[in-house]
Amino acid sequence: MNKSLNILQTPIDYLKGVGPNRAGLLRKELDIHTYQDLINLFPNRYIDKTRYYKIKELQRNGADVQIIGKIIHLKTVEQKRGKRLVATFADDTGTMELVWFRGHKWIKESIKINQPYVVFGKTNWYNGVYNMPHPEMELLEAHKQSIRTAMQPVYPSTEKLNNKGITNRVVNKVMQQLFIETRGKFQETLSNPLLTELNLISKSEALFNIHFPKSQELLTKAQFRLKFEELFYIQLQLISKNLVRKQKIKGLVFDKVGEHFSEFFNHHLPFELTNAQKRVIKEIRNDLGSGAQMNRLLQGDVGSGKTMVALMSMLLALDNGCQTCLIAPTEILAQQHYNGLLELIKGLGININLLTGSSKASERKTIHETLESGELDILIGTHAVLEDKVKFKNLGLAIIDEQHRFGVAQRAKMWHKNNTPPHVLVMTATPIPRTLAMSLYGDLDVSVIDELPPGRKPVKTVHRYDSNRLKVFRFLKDEIEKGRQVYIVYPLIQESEKLDYKDLMDGYESIAREFPQPEYQISIVHGQMKAADKDHEMERFVSGETQIMVATTVIEVGVNVPNASVMIIESAERFGLSQLHQLRGRVGRGAEQSFCILMTGHKLSNDSKTRLETMVSSNDGFEIAEVDLKLRGPGDIMGTQQSGVLNLKIADIVKDNDILKTARYYAMRILKNDPNLTQEENAILRYTYTQLAKHKNIWNYIS
Ligand code: ADP
Ligand code: MG
């Protein structure tokens with residue numbers, strides 16, 4: 001059993017046909033160090049070489065095809081940069097060209113004119129003829145004799161590897177060598193009951209058929225087995241972590257519903273809670289009273305009222321003698337939370353303060369002191385709260401707003417702020433598709449607010465071209481006439497920051513011309529302003545002194561001005577879907593009909609069109625998130641910080657969602673019966689799991 005394992009740990013240098021040069025390249029370019037790594041280099045796609053095409057049948061789709069024909073003519077063509085070797089290739093239906101830009105001498109010497117060849121490669125349409133650059137070719141005679149599998153794998157590669165001669169063919173060859181040296185025998189990694197119940201092929205069979213598929217059917221089986229295995233072990237890890245946490249990590253027990261909570265609930269609640277809010281508060285109360293540490297993700301669309309849930313959870317913590325903190329991703333948001341909460345808890349005798357990057361030294365000092373003495377009950381802030389200097393006397397609950405901006409590392413930091421880890425509630429307004437939530441946050445429990453407060457009218461969203469701008473401005477004037485306020489948002493992307501600022505300032509000027517003072521007042525907020533100036537401008541808009549807010553995405557999250565009823569998004573095609581949805585969430589917070597106008601030029605990519613259409617047709621954050629996930633892939637959505645998690649070798653979280661569900665189901669069932677995998681039939685799972693944890697750090701992200 002261990003022998004095959006040892007072989008797989010052999011450095012790739014030792015594989016026949018690899019050698020130190022190629023090994024170095026494989027390490028650098030593809031992170032392949034050992035036999036094991038090589039065997040886990042799964043093909044991106046497969047080429048079906050079972051079919052031969054006629055030249056007449058070629059299509060302008062750039063596909064890889066296989067053609068039988070003869071070279072009837074060969075010539076060298078001079079061109080600006082170097083020479084080109086061109087062969088005229090013919091079959092009984094027509095002619096095409098084979099083209100080489102390098103290696104002319106060798107090709108001229110080895111090519112046989114008027115002999116049947118099988119050529120294979122990508123075809124291009126150029127100047128009225130099809131051509132195939134650098135084809136793979138083989139004499140028909142030899143082709144008939146060589147043993148080949150129906151489906152040919154295409155491996156991931158890089159330009160450098162290709163240039164250095166490590167072509168797909170070479171990778172294929174070393175892979176064959178690997179199977180020869182290991183005799184194609186690999187240790188089984190799934191248990192018998194799983195193999196039987198799911199009708200899976202063995203590990204050895206799967207690995208063989210993923211690299212050298214004997215048939216379409218076996219390829220499908222191999223893919224299923226390997227994808228299942230990959231997802232299964234991730235789920236096993238996530239779920240068992242969660243179980244362990246619940247069993248082992250003692251949480252502070254908040255079993256009292258005390259004065260603060262009751263007083264607030266009975267006398268200060270400004271509105272009736274929605275059913276969803278009530279349900280979620282109940283879920284949180286259960287967690288807090290259970291004796292286990294809470295690690296809960298609260299998902300709720302923009303405007304669904306997460307802040308109230310946060311406040312009531314904080315009150316529970318206070319009633320049980322603990323301090324709490326609430327962390328937001330930006331200063332503006334932290335400030336707004338602070339102002340809002342200050343207002344809500346007025347008269348309850350609760351001590352609350354705000355700590356951000358721009359807090360003055362004297363304020364900081366007070367905050368540090370009152371935190372450590374226990375005088376301060378609630379601390380609102382930004383990342384500044386996470387700094388090691390910030391010590392609590394008794395932190396019982398940490399709430400993180402807008403989770404997607406925070407990495408797991410930050411979440412983990414909260415743990416060390418107390419002897420007993422505090423309960424953690426993370427709130428996100430970017431609904432995370434269930435698929436992702438499942439694979440990323442399997443270690444969190446999830447609550448969802450799936451209901452908006454009553455009386456909200458869905459925001460009407462339209463797409464308008466820049467050429468209709470005057471009409472849009474007229475509409476704005478009408479809305480402002482009715483007493484409403486308006487956001488106009490410009491994109492600001494780091495790579496093109498300078499140009500973007502120019503757009504913003506140009507836009508601001510043209511708006512200022514179109515909406516002249518004193519009739520109209522305009523605020524402007526962007527990232528290059530000082531915090532105090534930003535706050536001042538925000539304040540003018542919040543108080544209604546200005547009717548128009550021109551801004552970059554700094555206002556994206558959380559900002560709450562119920563009287564604002566129009567959101568104009570400039571160059572909307574440059575925003576991602578979740579950002580667009582977030583921005584739209586800034587309006588539609590009052591009882592009035594609100595509007596979101598997506599402005600773009602006429603030139604739009606297909607993806608941009610899909611995004612705009614999705615925004616126009618849907619107000620449902622979860623639906624939008626699913627589309628976003630499909631367009632962008634999981635890595636982009638979670639940011640590079642967490643994308644490593646999704647660095648899957650074979651499975652695809654979006655496409656293989658069904659397999660993910662199956663894997664999760666089985667992982668859960670197995671752990672339920674045998675939490676520590678100590679039963680005989682699960683020995684193999686336990687062994688593999690431990691090995692994986694040892695050799696790979698893919699689990700690091702879990703807090
Ligand atoms: P988000 O979930 O986006 O953080 P907020 O907590 O900012 O949403 O709430 C959005 C707005 O809805 C706020 O003005 C808040 O006072 C209001 N709100 C929250 N819950 C209710 C409710 N149950 N009934 C009426 N209004 C509510
Ligand atoms: Mg919020």
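The residues of the chain are indexed from 1 along the displayed sequence. For ligands, and for the atoms within them, numbers begin at 1 and follow the listed sequence.
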Close approach of Ser304 to ligand 1, heavy atoms, under 4.0 angstrom: yes

Report yes or no: does a heavy atom of Gln299 sit under 4.0 Å from some atom of ligand 1? no

Intermediate values then yes/no, side-chain hydrogen bond (donor to acceptor under 3.5 Å, both in side chains), His423 and Asp287: CA-CA 9 Å; His423 298 292; Asp287 279 4; over 6 Å; no

Hey, mind stepping through Phe541 and Tyr487 against ring pair (Phe, Tyr, Trp, His ring centres under 6.0 Å) and telling me if it holds? CA-CA 10 Å; Phe541 188 67; Tyr487 292 103; 5.1 Å; yes

Any atoms of ligand 1 less than 4.0 Å from a non-hydrogen atom of [X]? List them with their elements.
| X | value |
| --- | --- |
| Thr307 | 4 (O), 5 (P), 6 (O), 7 (O) |
| Glu272 | 22 (C), 23 (N), 24 (N) |
| Thr274 | 23 (N) |
| Leu273 | 23 (N) |

Applying side chain to side chain contact (heavy atoms under 4.5 Å, CB included) to Arg364 and not counting sequence neighbours gives Leu355, Ser359, Glu387

The option among Lys306, Glu451, Arg589 carrying the non-hydrogen atom nearest to atom 2 (O) of ligand 1 is Lys306

Check the pair Cys322 / Asn320 against side chain to side chain contact (heavy atoms under 4.5 Å, CB included), numbers first and verdict last. CA-CA 6 Å; Cys322 283; Asn320 288 273; 5.5 Å; no

So which bit of Lys278 gets within less than 4.0 Å of ligand 1, heavy atoms only: side chain, backbone, both or neither? neither

Does this structure show an ion pair linking Glu451 with Arg456, if we count only N-O contacts that are shorter than 4.0 Å? no

Set of residues satisfying side-chain hydrogen bond (donor to acceptor under 3.5 Å, both in side chains) with respect to Asp478, sequence neighbours excluded: none

Side chain or backbone, does Gly303 bring an N or O within less than 3.5 Å of an N or O on ligand 1?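 Between Gly303 and ligand 1, an N or O pair is found under 3.5 Å apart.
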
Geometry only, no angles: is Phe271 polar-contacting ligand 1 at N/O separations under 3.5 Å? no

Considering residues, nucleotides and ligands other than Phe271, do more than 12 of their heavy atoms fall under 6.0 Å from its CZ?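 Yes - once you tally the heavy atoms of other residues, nucleotides and ligands closer than 6.0 Å, there are more than 12.
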
